[in-house]
Amino acid sequence: MHHFQYNDGRLCCEGVSIEAIAEQVGTPFYLYSHATLTRHFQAFDQAFEGMDRMVCYSAKANSSQAVLRLFAGLGSGLDIVSGGELYRGLKAGFDPATIVYSGVGKTAAEIDSALEHGIFMLNVESRPELELINARAGALGRCAPVAVRVNPDVDPRTHPYISTGLKKNKFGLSPQAAIELYRQARDMAHVDVKGIDCHIGSQITEAAPFRDALARLRELIEQLAREGIAIRVVDVGGGLGITYHDEQPPHPMDYGTAIREGLAGLDVRLVLEPGRVIVGNAGILVTRVLYRKDGDQKRFMVVDAGMNDLIRPSLYDAFHDLWPVREAAGGQRIRADVVGPICETGDFLSRDRDVPDAAPGDLLAVMSAGAYGFTMASNYCSRLRLAEVMVRDDAFGVIRERQTYADLIHGESIPDFL
Ligand SMILES: *Cc1c(COP(=O)(O)O)cnc(C)c1O
């Protein structure tokens, strides 16, 4: 459920016409609905009603300041994977005590910054990382709250690039290695063993992999308890999928039930790290058709957004529905590839699909682009990073200006020897 709908043949976001925004802001741009973001966060949070829980929105899905500020205001915590995300989160107003930090490659500087700000928990992904955290905490006169990220070897049945809980993936530790690490952690002077963590992948559209992963965590928690190591926090990660096309992912309520049942009887605080499920369908990418081009074998529609703006189709072969911003009378569709201006064959938004029969100058809405859209955008081919806009009711605000050419060379310099 989202708030992008037609009104008299014009696509609107809540009460605002998308054509009107394009008129003022230019194209391409990302557009987010305040009501949808809010509703998705609240629906997710309510699925865990009555449980001792912290919903830590996963910053990497969409980390723009306005989006983060909105979630901070709704009582969300934050899941981060870099010092940059910590900086963004703090600037947007998150309480450090609600921030959890995952990732296999935390640097000493990033660990220091997390400890100095007093974040809730660091999710440790290897033994050398734990040793570094212990050393840095000692040097700073602090005690580091940690969880060990377990790789439960569960197949999330999603795209291989976003599957993270298989033995062959780089994330976390096997259950056996995790137990070993907990024993070492117990004897370290500057770490507080607080919790256990897992995150098995993204765009997961069934409840079973979550149930399986939680069952394995539970075995570990019970084994650790027998060794006198009390787990107080269970972080189940994120990964709940959304409907891009015809997927039927579990409703947050059903996901909530699976988690609730998996934790029944344990006296622990639950941490959740949802990203995509909150923001994915709350945002779209608006692009304008530049040219139509009929090749010998294929028809192409060249638009002004490329893989540097939305890389998901190229990277994951992801499906994004395309809606015409102005509904055509007959609603005609044609078979064409919708491609961007980048000099790569992989630069497409859709391939070999029937798409709205749009003419040069027409606007297209690339749906379900709120997650892993702008955060993965780049300046490839020296294209300006695009603008972002948020709508609330009848008003819209530019939450990020389109870059300028001067921004492109900001920070660059030409050494004297040239
Ligand atoms: C990316 C990520 C998430 C969020 O994943 P979604 O699929 O967007 O819900 C949560 N936790 C960790 C550790 C991640 O890397």
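For the single chain, residues carry numbers from 1 onward in sequence order. Both ligands and their constituent atoms are indexed starting at 1 by order of listing.
- A salt bridge is defined here as a Lys NZ or Arg NE, NH1 or NH2 lying under 4.0 Å from an Asp or Glu carboxylate O, and R269 with D52 meets this definition.
- With a heavy-atom cut-off of 4.0 Å, D79 touches ligand 1 through its side chain alone.
- The backbone and the side chain of S202 each have at least one atom closer than 4.0 Å to an atom of ligand 1 (non-hydrogen atoms only).
- For ligand 1, the atoms closer than 4.0 angstrom to any heavy atom of G275 are 6 (P), 8 (O), 9 (O).
- A salt bridge links R211 with E261; the closest basic N to acidic carboxylate O contact falls under 4.0 Å.
- Atoms of ligand 1 lying under 4.0 Å from any heavy atom of Y372, numbered from 1 in the order shown and given with element: 1 (C), 4 (C), 5 (O), 6 (P), 8 (O).
- Salt bridge status for R326 with E19: present, with a side-chain N to carboxylate O gap under 4.0 Å.
- Aromatic pair Y57/F41: ring centres not closer than 6.0 Å.
- Nearest to atom 11 (N) of ligand 1 by heavy-atom distance, out of E273, R276, K60, R149, is E273.
- V271 places none of its side-chain heavy atoms less than 4.5 Å from the side chain of V234.
- Using a 4.0 angstrom heavy-atom cutoff, A371 does not count as in contact with ligand 1.
- Using a cutoff of 4.0 Å between basic side-chain nitrogens and carboxylate oxygens, K298 and D352 are scored as salt-bridged.
- For atom 4 (C) of ligand 1, the closest non-hydrogen atom on the protein side is S58 OG, 3.2 Å.
- Using a cutoff of 4.0 Å between basic side-chain nitrogens and carboxylate oxygens, D192 and R232 are scored as salt-bridged.
- Those atoms of ligand 1 that come under 4.0 Å of a heavy atom in S102, given as number and element, are 13 (C).
- Annotation: V81 places no N or O atom under 3.5 Å from an N or O atom of ligand 1; distance criterion only.
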